[in-house]
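Below is one structure, written out as structure tokens, with a few remarks after it.
Residue numbers start from 1 in every chain, and the chains themselves are labelled A, B, ... in the order their sequence lines are given, proteins ahead of strands. Computed from a predicted structure; not experimentally measured. Hydrogens, waters and symmetry mates are skipped; everything else that's a heavy atom, side chains included, is used.
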Protein chains: 2
Amino acid sequence: MSLRFALLALLRVGPLSGYDLQKQFAESVGHVWHAPDSQIYPELRKMEAEGLIAAEEQPRGERATRRVYHVTDAGDDAFTAWMRTPLAYARVRDPAHLRAAYLETTTPAAARDFLHAHVAQWESEIARWEDELTRIDAVENPMLARRLAVTARGDRDRTIAFKRFTYEGLVERARGEVAWARRGLALVDALTGPDGAWAR
Amino acid sequence: MSLRFALLALLRVGPLSGYDLQKQFAESVGHVWHAPDSQIYPELRKMEAEGLIAAEEQPRGERATRRVYHVTDAGDDAFTAWMRTPLAYARVRDPAHLRAAYLETTTPAAARDFLHAHVAQWESEIARWEDELTRIDAVENPMLARRLAVTARGDRDRTIAFKRFTYEGLVERARGEVAWARRGLALVDALTGPDGAWAR
DNA sequence: AGAGGCATGTAATATGTTACATGATTGT
DNA sequence: ACAATCATGTAACATATTACATGCCTCT
């Protein structure tokens, strides 16, 4: 359900072809809401059918065409309406915490592997998001630059402020995950005997 | 994919009917991995077809029967194998952070509503999980009590320790969400003019 | 002529959500 | 007799994942 609003958010900045959209997606909203190309193209068609966006076909070379999408008034309304609607929170469904709850059923080695992987996973996400943060500060992100170009002076600070707010939140959450997993590693150590098996 | 392992984790403690399982689920693993009844019953049938669990039909009154499931050796193997397998991390897909990234496109009032709802959402989760934590300490949780009853003395501490570890992690993460949203509220205040609209 | 990127998808499968449906049994 | 709760699902739909498929255009 959120995918279409992520797409609308990008298209509201200016028209884009499906391909461009998909590329930009990966390096902006994609950090927050991942979607593969194979989901984006069909969703664009559906949104077109529902009148939220419209395509302009542009010739590309002799035979090929590309479809450049723009947001319709209906699409704009749908987006702003969504922004005013309470979010539907999904129930918790978290594989890492599910596994954590049963770590005593496996070996200390497997428990450590899991926790190390958790640290690595979130550290790599932190790296991506911090990278985004520095690019936000430098206004290097292509999508953000386009956005700021069409944005009135007074709005720029807000746009940047909420981007920073968003990514800082993600980074902090990820740091929490890392800290949690490290505490888990300490716990495994504390529960392990000198022979490497669980202490008795 | 994780649902079946959540179910196996519960059934490994001892046989349960689909109904009992579903009830216990809601107040143990369900805090970590939510699933509605309508997903549990079919999954049990699938797991039975795959030989991970087996059902024993018990008469209930004159006409009715209940199917009591237990874990087979194959199911036990599947569970321990899963515990040793690296977790597949899903890509980030987070509606709240998606919306946060575009808060400048709505009114300050709508932004505040969203952030207040975020605080409320996570505070209610915190309450549930902290409740679980006190019940873990009191060994009041029926599922945990059953589990400890079939668990050798030395394993009890570990079982409890990892449960605590899991729920503490959830609570901390949720606290992070609350703190983040509160910072967002302060940010909205800072960006709002005396007329209640965005400052220019 | 060939590589790399532009451009757009389909198909099959898995997973999850929502709403609906039905009837038996037990305790009051 | 009736309510609560035990007990087990089906159907329809929405969403997401993975793998595969196809062909043009531009630059070297």
Side-chain angles (χ1 to χ4, degrees), chain A residues 1-7 15-27 29-30 32-50 52-53 55-69 82 87-95 98 142, chain B residues 1-7 15-27 29-30 32-50 52-53 55-69 82 87-95 98 142:
Chain A
M1 197 69 251
S2 296
L3 174 58
R4 59 176 48 196
F5 298 108
L7 295 172
L16 284 171
S17 69
Y19 184 77
D20 288 337
L21 190 55
Q22 174 237 112
K23 290 282 155 199
Q24 307 266 18
F25 195 92
E27 34 185 282
V29 223
V32 172
W33 190 274
H34 167 79
D37 338 357
S38 61
Q39 205 186 347
I40 290 177
Y41 285 112
E43 185 66 25
L44 287 172
R45 290 292 186 157
K46 265 178 67 185
M47 289 163 72
E48 191 185 9
E50 291 174 37
L52 302 179
I53 58 177
E56 201 188 326
E57 301 224 333
Q58 290 183 349
R60 190 173 70 97
E62 295 284 301
R63 286 182 255 190
T65 54
R66 42 186 245 136
R67 300 169 58 79
V68 176
Y69 291 100
W82 178 71
L87 260 199
Y89 284 85
R91 306 295 295 272
V92 175
R93 193 171 275 128
D94 181 337
L98 171 59
Chain B
M1 199 67 251
S2 295
L3 174 58
R4 59 176 48 195
F5 298 108
L7 295 172
L16 284 171
S17 70
Y19 184 78
D20 288 336
L21 190 54
Q22 176 236 111
K23 291 283 157 199
Q24 307 266 18
F25 195 92
E27 34 185 281
V29 223
V32 172
W33 189 274
H34 167 79
D37 338 356
S38 61
Q39 206 186 348
I40 291 178
Y41 285 112
E43 185 65 25
L44 287 171
R45 288 294 186 158
K46 266 177 67 186
M47 289 164 71
E48 191 185 10
E50 292 175 37
L52 303 179
I53 58 178
E56 200 187 327
E57 300 224 333
Q58 289 184 350
R60 190 173 72 96
E62 295 284 299
R63 286 180 255 189
T65 54
R66 41 184 245 138
R67 301 171 56 80
V68 176
Y69 292 100
W82 177 72
L87 260 200
Y89 284 87
R91 307 295 296 270
V92 176
R93 193 172 278 126
D94 180 338
L98 171 60

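Protein chain B contacts DNA chain D over a range whose 5' and 3' limits, counting nucleotides with an atom under 4.0 angstrom from a non-hydrogen atom, are dT5(D) to dT17(D).
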Please list, pair by pair, any protein nitrogen or oxygen found under 3.5 Å from a nitrogen or oxygen in nucleotides 22-26 of chain C.
from, atom 1, to, atom 2, distance (Å)
dT25(C), OP1, R60(B), O, 3.2
dT25(C), OP1, E62(B), N, 2.9
dT25(C), OP1, R63(B), N, 3.0
dT25(C), OP1, A64(B), N, 3.4

Polar-atom pairs under 3.5 Å, protein N or O versus N or O of nucleotides 12-16 of chain C: list them with distances, or write none.
from, atom 1, to, atom 2, distance (Å)
dT15(C), OP1, M1(B), N, 3.4
dG16(C), OP2, Q39(B), NE2, 3.0
dG16(C), O3', R93(A), NH1, 3.0

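Partners of F5(A) by ring-ring contact (aromatic ring centres under 6.0 Å, His included), not counting sequence neighbours, listed by chain and number: W82(A). Scanning for side-chain hydrogen bond (donor to acceptor under 3.5 Å, both in side chains) contacts around E43(B) gives R4(B), with sequence neighbours left out. In this structure, the side chain to side chain contact (heavy atoms under 4.5 Å, CB included) partners of A55(B), at least two apart in sequence or on a different chain, are E48(B), R67(B), Y69(B). Residues meeting the salt bridge (Lys or Arg N to Asp or Glu O under 4.0 Å) test with E27(B), sequence neighbours left out: none.
Residue side chain S38(B) does not reach the base of dT17(C) through any donor-acceptor N/O pair under 3.5 Å, judged by distance alone.
Between the CG atom of D37(A) and the P atom of dA7(C) there is a distance of 13 Å, rounded to whole Å. Across the protein-nucleic acid pair, Q22(A) atom CD and dC6(C) atom P stand 10 Å apart, rounded to whole Å. One can place OH of Y69(A) at 13 Å from P of dA7(C), the figure rounded to the nearest angstrom.
Nearest approach of L3(A) to A35(A), heavy atoms of both residues: CD1-CB, 3.7 Å. When all heavy atoms are compared, the tightest approach of V29(B) to A6(B) is CG1-CB, 3.9 Å.
The line from CG of L98(A) to CZ of R93(A) is 11.5 Å long, rounded to the nearest 0.5 Å. Between the CD atom of Q39(B) and the CG atom of L7(B) there is a distance of 9.0 Å, given to the nearest 0.5 Å. Put simply, CG on D94(A) and NE2 on H34(B) are 14.5 Å apart, with the number rounded to the nearest 0.5 Å. For the atom pair CD1 (I53(B)) and CZ (R45(B)), the distance works out to 9.5 Å, reported to the nearest 0.5 Å.
Taking the nucleotide of DNA chain D with the nearest heavy atom to each of A90(B) and S17(B), the more 5' of the two is matched to S17(B). If R91(A) and K23(A) are placed on DNA chain C by their nearest nucleotide, the residue sitting closer to the 5' end is K23(A).
Helix-axis bend for the helix from dA1(C)-dT28(D) to dT28(C)-dA1(D): the local axis fitted to the five terminal pairs at one end deviates from that at the other end by 10°, rounded to 10°.
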All N/O donor-acceptor pairs, side-chain side in residues 15-26 of chain A, below 3.5 Å, sequence neighbours left out:
from, atom 1, to, atom 2, distance (Å)
S17(A), OG, D20(A), N, 3.1
S17(A), OG, D20(A), OD2, 3.3
Q22(A), NE2, Y41(A), OH, 3.4

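Dashed line: the shortest gap from a side-chain N or O of Y19(A) to OP1 or OP2 of dC6(C) is under 4.0 Å.
W33(B) places a side-chain heavy atom less than 4.5 Å from the side chain of P95(A).
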